[in-house]
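See structure below.
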Amino acid sequence: MHSLIETLINGLMLGALYAIFGLGLSLSLGVMRMINIAHGDLIVLGAYITSIAMAWSGFSALASLVFVLPTMFCIGVLLQWLLLNRVVGRDPLSSLLLTFGLSIVLQNLLLEFFTADTRSLPAGNIALAGIDLDGVSIGVLPLISTVAGLLLFAATHWFIAHSHFGRQVRAVSDDPATARLVGINERSFFPLMTGCVLAAIALASVLYAIRTPFSPSAGPERLLYSFEAVVLGGLGSVWGTFVGGLVIGVAQVFGARVSSGLGPFFGHLVFLIVLIARPQGLFGRVPR
Amino acid sequence: MLRTERLCAHYGLLQALFDVDFGVAPGETVALIGANGAGKSTLLRSIAGAVPAHRDTIKLDGMAIGGDPERRQLGRGIALVPEGRRLFPSLTVQENLLLAERNGRPGPWTVRRLFKELPVVESLRKRPATALSGGQQQLVAICRALATNPSYLLCDEISLGLSPIAVDEVYALLAKVRLEGIALVLVEQNVRRALSESTRYYCLLKGHVALEGMSNQADSAKVTQAYFGV
C-alpha cells in the first residue's frame, strides 16, 4: 500500500514538471496561435545552459538558476522579437515550418558544442534528501518541483485573470484584429511573453534534468510530453494543462513500475484513452 | 479636420476603394451610406489603420497619417466601433472597457464616467461581454471606443441586427457623444435614419463616391440612384 502511495506521489511530482513544460506551450498556442516545434529543444537548451553555468560558477544546479532564468528570458525575448514575430498572425504553416527549422538548427548546434553524450545535472545532497511521512518517503527535490509548479500555475492564473497584461493576453487570444483596434500592439508584448515562457520552462528543465539524463536529441520527446499535457487538459485552460501534466506523470510512473521501459508508453496510452473519451480534453470547451 | 484624398484600398488583388475623397470636420456628424460591398467598412477601416493605405491619402489636420497602425491612429484620436460589435468574449464588460481606457488617450471619458452616464452598462459590468443582448453589446462597443477618448468616432453598421428600441438607445448615446464635440462617422443601413442623424452624407457605390451633400437637402430619388447605381 505504502509503495502504491509513493508511486502516486512520485507521479504527481513528475507530472508537475510536465505541466510547466505544457504551460509554456499552452500560452504560445493559445495567445500567439503559434505551435512552437522547437519547444522541446529549448527545454534541452535550458538544461545545457545550466550545466555551463554550474561549471562556470561552481554553484549547485538550483542555485545556478539565478543565471539561467535571466539568460533564458533574454533568449526568449530575442527569439520572439527577431524571429518568431515575423510569422505570428500568418497562416499556421509558416510558424510550424519556422519552428521546425529552428528545432533542427538547435539540435545540431547542441550536438556540435556538447557532443552526443548524455549528461545529467548533479544535484548534490539535496537529491538524496527526503522526508518520511508515516512510512511514505517523499524526496525533497520532487517536493520542490511540485511546489514550484503550483506556484507558477497560480501566478499565471492570477496574472491572466487580474492584470492589464492578462486582459491584453485574453483579448489577443479572443480576437487579434479587434485587439489592435483597442490599441494593443501584440508584437510588443509577445517578446515579453516568450521570455517568461522560456524562464518558466528553464526552471522545469533544470528540475527535470536532475532526474532524467538529457542529450541534444532529447527535445522532441520533451515536446511530446508537453503536447500531451496541453491537449489532455484541454486547449485554453491553464489549470487543465496542470491536471493534464499530472495525469501524464502519474501514468508514466505507474507504467515504469510495471516494467522499467514502459513509462512513456503508459503515458501515451492514457493520453489516447482520454482523447477517445473526451476529444476536447479534460477541461476543454467544445468549440462553438 | 480628418480627410482622405484619392484613397485607394485593396484586399489582396481586389480593389475595394477607388480614389475616395472623404472628410469630416471636428464635431460634425457624417453619414456613410451605400449597398453591401460598396466599401463603407473598408473606408472606415483604412482610416482606423486596419487596412493598409498610402501615407498621403489620409490626412489629419493637414498631416499625412495614412498606413499607420491602429495604435497610432488611436493615439491621434481616431477610434473605430467595428461591425458586429466584436467584444472580447473572455473579458467581462468592465474589463473590455478598462482595456480600452488604459490603451487609449487620457481624457474625460473614463470607465467611471461611462458607468455613471449609462447605468444599464454598469449593471452589466461583471457579465462576460457575450452574455448580453445585441443592443447592450452595441452600447458596450461604443463605450469601449469612447474610453479611448477619441476626437473622431467611426461607427460601422451601428444598428445592424438591433431591435428598434435598442437602436434608439444607441442613438441617444451618440447624441450625448456629439454634444461633447466628438466628430461622428456613421455607417448605417437605414438610409432615412442616417440622413436624419447627420449633417452631411456620402454615398458609396462600388468603391467610388457616387453622391455627397448636406443631409437635410438630400433628394431621395438621387440618393436611391446613387445607392443602387441604376
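Labels below follow one simple rule: chain letters A, B, ... track the order of the sequence lines, proteins then strands, and each chain is numbered from 1. These numbers come from the heavy atoms of this one structure, side chains and all, not from hydrogens, waters or symmetry mates.
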**Request:** Side chain from CB out, backbone as N, CA, C, O: work out which of these in Leu74(B) comes under 4.5 Å of a heavy atom of chain A, or both, or neither.
**Result:**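 The side chain, not the backbone.
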
**Request:** Answer with side chain, backbone, both or neither: which region of Arg144(B) has an atom nearer than 4.5 Å to a non-hydrogen atom of chain A?
**Result:**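 Only the side chain of Arg144(B) comes within 4.5 Å of chain A.
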
**Item:** Between Ala177(A), Gly183(A), Ala179(A), the one whose heavy-atom pairs under 4.5 Å with chain B are most numerous
**Value:**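 Heavy-atom pair counts peak at Gly183(A).
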
**Message:** Please rank Arg72(B), Glu70(B), Gln73(B), Arg45(B) by heavy-atom pairs under 4.5 Å with chain A and give me the top one.
**Reply:**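 Of the options given, most contacts go to Glu70(B).
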
**Request:** Using the side-chain hydrogen bond (donor to acceptor under 3.5 Å, both in side chains) rule, take Thr148(B) and Arg105(B) through it: C-alpha gap first, then chi angles, then the decisive distance, then the call.
**Result:** CA-CA 5 Å; Thr148(B) 66; Arg105(B) 305 196 296 183; over 6 Å; no

**Message:** Tell me the closest heavy-atom pair linking Ala38(A) and Leu102(A), and the distance in Å.
**Reply:**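 Shortest heavy-atom contact: CB-CD2, 3.7 Å.
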
**Message:** Which residue is it: Leu84(A), Asn185(A), Val88(A)? I am looking for the one with a side chain to side chain contact (heavy atoms under 4.5 Å, CB included) to Phe190(A).
**Reply:**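 So the option named by the test is Val88(A).
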
**Message:** Need one label for Ala161(A): side chain, backbone, both or neither, based on atoms under 4.5 Å from any heavy atom in chain B.
**Reply:**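 Looking at Ala161(A), just its backbone touches chain B.
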
**Request:** Give me the ring orientation class for Phe165(A) and Phe189(A): parallel if the planes are under 30° apart, tilted from 30 to 60°, perpendicular past 60°.
**Result:**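 Answer is perpendicular, since the angle exceeds 60°.
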
**Prompt:** Taking the inter-plane angle between the rings of Trp239(A) and Phe153(A) on a 0 to 90° scale, is it parallel (under 30°), tilted (30 to 60°) or perpendicular (over 60°)?
**Reply:**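 Aromatic pair Trp239(A)/Phe153(A) classed tilted.
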
